[in-house]
*Asks:* 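To start, I am sharing the structure in question, which I have written as structure tokens.
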Amino acid sequence: MKEDLQKFVGEKVLEVIGSEIPENLDLRGEILKEIKTFGKQTYLIFDKISFKVHLMMFGSYSLYERKDIDTLRLGLAFEDGGMYFYTCTIKVVDKSILEKINWEADIMSRKWNPEKTEETLKSQPKMMICDALMDQDIFSGVGNIIKNEALFRVGIHPESLVGNLTSKKLKDIIAEARNYGFDFKKWKKANVLKRHFQIYHKKLCPICGEEVIKKETGKSRRTSFFCLRDQKLF
């Protein structure tokens with residue numbers, strides 16, 4: 001989405017519409033300065049304010065033309081088109097919020113800092129690795145699919161405690177969380193993501209053929225899929 005919206009950076013807003021626009025906010029004539037992403041959140045940055053966009057589970061967006069539906073949350077029209085967001089959450093935030101974000105925690109950011117991530121993990125030894133991967137302050141951008149697939153790639157049981165994992169194992173899972181993020185993007189854009197699932201919503205393990213366990217794990221109670229034979233519990 002960021003790549004699609006990037007063409008409007010530097011352009012002047014001609015119209016602002018949508019159900020999530022504050023009544024006293026008028027951005028007409030303002031320039032879209034920058035677009036930043038942090039995990040699943042997208043920030044549209046102006047001099048006055050910024051919008052935080054999160055598509056959640058069922059959100060969508062369109063370019064150039066507004067769809068004729070009543071779920072429009074935010075629409076920004078420019079001289080050569082526009083960006084329109086539907087069935088999503090939109091929040092107006094100020095610069096202080098952006099300054100507090102730890103951009104190094106975003107798995108797909110150029111600022112991603114695996115060493116700092118390992119330090120953060122080691123400071124929470126009693127946390128299950130499934131919870132750690134879903135913690136957006138540690139692995140911003142990781143969702144349930146990446147959690148399951150990355151853990152399967154490295155052979156780690158989702159209920160393993162962080163403190164029981166060796167430094168090498170921590171480095172492995174940190175690396176695979178990022179690797180799978182880029183694989184996810186590539187496969188999603190090619191519309192072949194589900195073809196590459198190895199463990200997520202699978203019935204049998206692709207390695208040993210044993211039945212895949214489906215279980216709500218960790219404090220978050222998010223569903224995990226794992227193989228008892230090929231994913232070791234630490």
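Residue numbers start at 1 and run along the sequence shown.
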*Asks:* Measuring only between side-chain heavy atoms, which start at C-beta, is F38 closer than 4.5 Å to L98?
*Replies:*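 Of all side-chain heavy-atom pairs linking L98 with F38, none is under 4.5 Å.
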*Asks:* So if I apply the side chain to side chain contact (heavy atoms under 4.5 Å, CB included) rule between Y84 and each of L63, L72, L76, L74, which one comes out positive?
*Replies:*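 Per the side chain to side chain contact (heavy atoms under 4.5 Å, CB included) rule, the option paired with Y84 is L72, out of L63, L72, L76, L74.
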*Asks:* Salt-bridged, E20 to K91, with N to O below 4.0 Å?
*Replies:*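 Here E20 does not pair with K91 in a salt bridge, since their nearest N and O are not under 4.0 Å apart.
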*Asks:* I'd like to check Q41 versus V53 (side-chain heavy atoms, cut-off strictly below 4.5 Å). Are they in contact?
*Replies:*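 Q41 vs V53: side chains apart.
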*Asks:* Among side-chain atoms of D131 and S220, is any donor-acceptor pair under 3.5 angstrom?
*Replies:*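 There is such a pair between these side chains.
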*Asks:* State yes or no: do L170 and M127 share one hydrophobic cluster built from I, L, V, M, F, W and Y residues joined by side-chain heavy-atom distances below 4.5 Å, directly or via other members?
*Replies:*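 Yes, because L170 and M127 connect within a single hydrophobic cluster, where side-chain heavy atoms sit under 4.5 Å apart.
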*Asks:* Against K147, only a single residue in T217, I173, I129 fulfils side chain to side chain contact (heavy atoms under 4.5 Å, CB included); can you say which?
*Replies:*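 The single option meeting the side chain to side chain contact (heavy atoms under 4.5 Å, CB included) with K147 is T217.
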*Asks:* Which heavy atom in V16 sits nearest to a heavy atom in V13, and how many Å separate them?
*Replies:*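 Shortest heavy-atom separation between V16 and V13 comes out as CG2-CG1, 3.6 Å.
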*Asks:* Evaluate whether atom CZ of R229 has more than 12 neighbouring non-hydrogen atoms of other residues, nucleotides or ligands under 6.0 angstrom away.
*Replies:*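 No.
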*Asks:* Does R73 use its side chain to pair, donor to acceptor, with the backbone of Y86 at less than 3.5 Å?
*Replies:*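 Here the side-chain-to-backbone pair does not exist.
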*Asks:* Would you check if there is a donor-acceptor pair between the side chains of Y61 and D4 at a distance under 3.5 Å?
*Replies:*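 A donor-acceptor contact under 3.5 Å links the two side chains.
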*Asks:* Identify the two heavy atoms, one from F226 and one from Q231, that lie closest to each other, and give their separation to 0.1 Å.
*Replies:*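 Heavy atoms only, the tightest pair is CA-OE1, 3.1 Å.
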*Asks:* Closest approach of A105 and D137, non-hydrogen atoms and distance?
*Replies:*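 In this case the closest contact between A105 and D137 is CB-O, 3.6 Å.
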*Asks:* Could you check whether any side-chain heavy atom of M108 comes within less than 4.5 Å of a side-chain heavy atom of F182, counting everything from C-beta outward?
*Replies:*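 Heavy-atom side-chain distance check passes, below 4.5 Å.
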*Asks:* Would one find more than 12 heavy atoms of other residues, nucleotides or ligands at under 6.0 Å from atom NZ of K186?
*Replies:*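 It does: K186 NZ has more than 12 such atoms within range.
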*Asks:* Would I138 end up clustered with Y180 when hydrophobic side chains under 4.5 Å apart are linked, directly or stepwise?
*Replies:*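 Shared cluster, yes.
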*Asks:* Apply ring pair (Phe, Tyr, Trp, His ring centres under 6.0 Å) to residues H157 and F234 and explain how you reach the verdict.
*Replies:* CA-CA 7 Å; H157 191 294; F234 290 88; 9.7 Å; no
*Asks:* Output, in order, the C-alpha distance, side-chain angles, deciding distance and verdict of side chain to side chain donor-acceptor pair (under 3.5 Å) for S109 and E104.
*Replies:* CA-CA 7 Å; S109 171; E104 294 179 337; over 6 Å; no
*Asks:* Are more than 12 heavy atoms from other residues, nucleotides or ligands located less than 6.0 Å from atom NZ of K2?
*Replies:*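 Above 12, so yes.
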*Asks:* Any salt bridge linking K188 with D183? Criterion: basic side-chain nitrogen under 4.0 Å from a carboxylate oxygen.
*Replies:*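 Looking at D183 together with K188, the answer is no, because their closest N to O distance does not fall below 4.0 Å.
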*Asks:* For residues E118 and S167, is any side-chain donor paired with an opposing acceptor at under 3.5 Å?
*Replies:*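 A pair is found: one side chain offers a donor N or O, the other an acceptor, under 3.5 Å apart.
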*Asks:* Please work out which of the three classes, parallel, tilted or perpendicular, describes the rings of H196 and W187, given edges at 30° and 60°.
*Replies:*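 Correct class here is parallel.
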*Asks:* How many angstroms lie between NZ in K203 and CZ in F225, if you round to the nearest 0.5 Å?
*Replies:*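 Answer rounded to 0.5 Å: 8.5 Å.
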*Asks:* Hey, does the side chain of Q136 reach the backbone of V142 with a donor-acceptor pair shorter than 3.5 angstrom?
*Replies:*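 Flag set: sc Q136 to bb V142 pair under 3.5 Å.
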*Asks:* If hydrophobic clusters are built from ILVMFWY residues whose side chains come within less than 4.5 Å, do F152 and V154 share one?
*Replies:*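 Shared cluster, yes.
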*Asks:* To the nearest 0.5 Å, what is the distance between CZ (R28) and CG (L14)?
*Replies:*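 If I round to the nearest 0.5 Å, the distance is 10.0 Å.
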*Asks:* Which atom names give the shortest non-hydrogen contact between I49 and L27, and what distance separates them?
*Replies:*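 In this case the closest contact between I49 and L27 is CD1-CD1, 4.0 Å.
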*Asks:* Is the NZ atom of K7 crowded by more than 12 outside heavy atoms at less than 6.0 Å?
*Replies:*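 Yes - once you tally the heavy atoms of other residues, nucleotides and ligands closer than 6.0 Å, there are more than 12.
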*Asks:* Verify, without hydrogens or angle tests, whether E149 (side chain) and Y200 (backbone) share a donor-acceptor contact under 3.5 angstrom.
*Replies:*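 Looks like yes, one N/O pair under 3.5 Å.
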*Asks:* What's the verdict on side-chain contact (heavy atoms from CB on, under 4.5 Å) for I146 and L133, showing C-alpha distance, side-chain angles and the deciding distance?
*Replies:* CA-CA 9 Å; I146 297 178; L133 281 165; over 6 Å; no
*Asks:* Would you say N148 and L151 make side-chain contact, with heavy atoms under 4.5 Å?
*Replies:*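 Not in contact.
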*Asks:* Indicate the atoms forming the closest heavy-atom contact of I107 with G181, along with that distance.
*Replies:*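 So the minimum-distance heavy-atom pair works out to CD1-CA, 4.1 Å.
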*Asks:* Less than 4.0 Å between a side-chain N and a carboxylate O, is that true for K185 and E3?
*Replies:*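 Yes, E3 and K185 are salt-bridged.
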*Asks:* Test side-chain contact (heavy atoms from CB on, under 4.5 Å) on F197 and I145 and set out the steps.
*Replies:* CA-CA 9 Å; F197 289 166; I145 293 174; 3.6 Å; yes
*Asks:* May I have the step-by-step check of side-chain contact (heavy atoms from CB on, under 4.5 Å) for L121 and I174, ending in yes or no?
*Replies:* CA-CA 10 Å; L121 288 175; I174 290 168; 4.0 Å; yes
*Asks:* Among the clusters formed by ILVMFWY side chains lying less than 4.5 Å apart, do L44 and L25 turn up in the same one?
*Replies:*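 Yes, same cluster.
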*Asks:* Can you establish whether the number of heavy atoms outside D94 located under 6.0 Å from its atom CG is more than 12?
*Replies:*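 Atom CG in D94 is packed in, count exceeds 12.
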*Asks:* Is it the case that the side chain of S140 and the backbone of G39 share a donor-acceptor pair, with hydrogens and angles ignored and the cut-off at 3.5 Å?
*Replies:*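 Flag set: sc S140 to bb G39 pair under 3.5 Å.
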*Asks:* side-chain contact (heavy atoms from CB on, under 4.5 Å), that's the test. Do L55 and K40 meet it? Break it down for me.
*Replies:* CA-CA 8 Å; L55 296 182; K40 300 175 183 180; over 6 Å; no
*Asks:* After noting the C-alpha distance and the side-chain angles of D47 and K33, does the key distance pass the salt bridge (charged side-chain N to carboxylate O under 4.0 Å, His left out) rule?
*Replies:* CA-CA 7 Å; D47 279 335; K33 297 291 186 180; 3.6 Å; yes
*Asks:* Would you say the side-chain atoms of N144 pair up with the backbone N or O of T223, donor to acceptor, closer than 3.5 Å?
*Replies:*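 Confirmed, N144 side chain pairs with T223 backbone.
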*Asks:* Would one find more than 12 heavy atoms of other residues, nucleotides or ligands at under 6.0 Å from atom CD of Q6?
*Replies:*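 More than 12 heavy atoms, drawn from other residues, nucleotides or ligands, come within 6.0 Å of this atom.
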*Asks:* Give, for atom CD1 of I31 and atom CD1 of I45, the distance between the pair rounded to the nearest 0.5 Å.
*Replies:*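 One gets 14.5 Å once the value is rounded to the nearest 0.5 Å.
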*Asks:* Work out which heavy atom in C88 is nearest to a heavy atom in G59; give both atom names and the distance.
*Replies:*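 Heavy atoms only, the tightest pair is CB-CA, 4.4 Å.
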*Asks:* Going by heavy atoms in the side chains, are F139 and D106 under 4.5 Å from each other?
*Replies:*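 Not in contact.
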*Asks:* With a 4.5 Å cut-off on side-chain heavy atoms, are V162 and M128 touching?
*Replies:*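 No, too far: nothing below the 4.5 Å cut-off.
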*Asks:* Measuring from F51:CZ to I90:CD1, what's the distance to the nearest 0.5 Å?
*Replies:*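 The CZ atom of F51 sits 8.0 Å away from the CD1 atom of I90.
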*Asks:* What distance do T42 atom OG1 and M83 atom CE have between them, rounded to the nearest 0.5 Å?
*Replies:*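 These two atoms lie 10.0 Å from each other.
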*Asks:* Any heavy-atom pair between the side chains of S224 and K215 that's under 4.5 Å?
*Replies:*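 K215 does not reach S224 side chain to side chain.
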*Asks:* With a 4.5 Å heavy-atom cut-off, do F184 and L193 have their side chains touching?
*Replies:*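 They are in contact (side-chain heavy atoms under 4.5 Å apart), so the answer is yes.
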*Asks:* Can you tell me how far CG of L161 sits from CD of Q124, rounded to the nearest 0.5 angstrom?
*Replies:*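 It comes to 12.5 Å.
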*Asks:* Test K116 against T120 for side chain to side chain donor-acceptor pair (under 3.5 Å), laying out the working first.
*Replies:* CA-CA 6 Å; K116 188 173 181 179; T120 303; over 6 Å; no
*Asks:* Taking the six-membered ring of W103 as reference, does the NZ or CZ atom of K36 fall below 6.0 Å from its centre and within a 45° cone about the axis?
*Replies:*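 Yes, K36 and W103 form such a contact.
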